Amino acid sequence: MQPTPKTEQELLERAQSLAGLTLGELADAAGMITPPDLRRDKGWVGQLLEWHLGATAGSKPVPDFAELGIELKTIPIGYNGKPLETTFVCVAPLIGLQGVSWENSHIRHKLARVLWMPVEGERDIPLGDRHVGSPLLWSPSPEEEQQLRRDWEELMDMIVLGQVEQITARHGEVLQLRPKAANGRVLTEAYGANGQPIKTQPRGFYLKTPFTASLLERYFVI
DNA sequence: AGCTGATCATAA
DNA sequence: TTATGATCAGCT
């Protein structure tokens, strides 16, 4: 792995130096084998970029660049320049919710400062030929944070009321709740409709594509 | 064609 | 089991 950047500026410069390179070139430099596709290696692009940028966290529950408080997100971009996929943020807490507020929530801290790395994501481009784009170091604007907070509060209200199984991906304007697990048989504890414990599939918070599209656009327009 | 619900790999 | 990294793929 590359040395860990000591400053935000150093990290951004390192990220900018990757722009225009292909995943195949980056894999060679890292001594990694480029998989034929991402079906069995969904996190491969993210891990490749972590290596090049010197991210430290691994699978620990701290930011990728803990000392800088920065989270790294790769985002697949289509021919139209817009994100092809929603962006996973973090697992949603389903129990132990006393005292949890937007201000002290895991998701707010995760999104406080994010280094977005756009990567060509169309499936008809061979994985090794896909190019890395220009990075964006982002923090939510006041408007973006209000949107996120509203959605988060709506979803968390339903979870607290034992309605987690009534939540669909259509809830929320910019933030959605969807399954996040190895498969449908994985269960975790949550509140039932009468306050009793139930077992349900783990859920994660995801940013909807129009939201990430607009934050990327906001950057390129400035 | 886009979206929602489901899924894959790996580490601690 | 929970966290990390996300994309797949069937349905509308």
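Lettering follows sequence order; numbering is per chain, from 1. Not measured: the values here are computed from a predicted model. Basis for what follows: all heavy atoms, side chains included, without hydrogens, waters or symmetry-related copies.
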**Message:** Looking only at the side chains, is there a donor atom on one of A/T188 and A/R203 sitting less than 3.5 Å from an acceptor on the other?
**Reply:** no
**Asked** Under 4.0 Å: is that the gap between some side-chain N or O of A/K199 and OP1 or OP2 of C/dT1?
**Response** no
**Request:** Rounded to the nearest angstrom, tell me the gap between atom CZ in A/F88 and atom P in C/dT4.
**Result:** 6 Å
**Request:** Check every strand shown and say whether A/L48 touches a base, only sugar-phosphate, or nothing at a heavy-atom separation below 4.0 Å.
**Result:** nothing
**Item:** Atom-pair distance (NE2 on A/H109; P on C/dT4), nearest Å
**Value:** 14 Å
**Request:** Determine, for A/E217 against A/K82, whether the closest basic-nitrogen to carboxylate-oxygen distance falls under 4.0 angstrom.
**Result:** no
**Prompt:** Which nucleotide in the set C/dT2, C/dT7, C/dG5 lies at the smallest distance from any side-chain heavy atom of A/L38?
**Reply:** C/dT7
**Complete:** Judged by nearest nucleotide, the residue sitting upstream toward the 5' end of DNA chain C, A/V89 or A/G121, is A/V89
**Request:** Indicate for each nucleotide in nucleotides 4-9 of chain B, in 5' to 3' sequence, whether protein heavy atoms under 4.0 Å reach the base (B), only the sugar-phosphate (S), or nothing (-).
**Result:** SBBBBS
**Prompt:** A/I33 and A/W44: which non-hydrogen atoms are nearest, and at how many Å?
**Reply:** O-NE1, 3.6 Å
**Asked** Atom CD1 of A/I95 to atom P of C/dT2: distance rounded to whole Å?
**Response** 8 Å
**Request:** Let me know the distance between CZ of A/F205 and P of C/dA3, rounded to the nearest Å.
**Result:** 12 Å
**Asked** Can you list, by residue number, the residues of residues 69-82 of chain A that have a non-hydrogen atom closer than 4.0 angstrom to DNA chain C?
**Response** A/E71, A/K73, A/T74, A/P76
**Request:** Could you state the atom-to-atom distance from NE2 of A/H52 to P of C/dG5 in whole Å?
**Result:** 17 Å
**Asked** CH2 of A/W44 versus P of C/dC8: gap in Å, rounded?
**Response** 13 Å
**Item:** Length of the CG-C1' vector between A/L84 and C/dA6, whole Å
**Value:** 13 Å
**Message:** Check A/E67 with A/K6, please: is the shortest side-chain N to carboxylate O separation under 4.0 Å?
**Reply:** no
**Nearest-angstrom distance from the residue atom CG of A/L115 to P of C/dG5** = 13 Å
**Prompt:** Side chains of A/Q146 and A/R149: donor-acceptor distance under 3.5 Å anywhere?
**Reply:** yes
**Message:** Can you identify which nucleotide, out of C/dG5, C/dT4, C/dA9, has its nearest atom closest to the A/V91 side chain?
**Reply:** C/dT4
**Complete:** What one should report as the nearest heavy-atom pair of A/I95 and A/A190 is CG2-CA, 3.7 Å
**Message:** Between A/R113 and A/E8, does any NZ, NE, NH1 or NH2 come within less than 4.0 Å of an OD or OE carboxylate oxygen?
**Reply:** yes
**Asked** In Å and rounded to the nearest 0.5 Å, what is the NE2 to CD distance from A/H52 to A/Q47?
**Response** 12.5 Å
**Asked** Can any side-chain N or O of A/E120 pair as donor or acceptor with the backbone N or O of A/R130 at less than 3.5 Å?
**Response** no
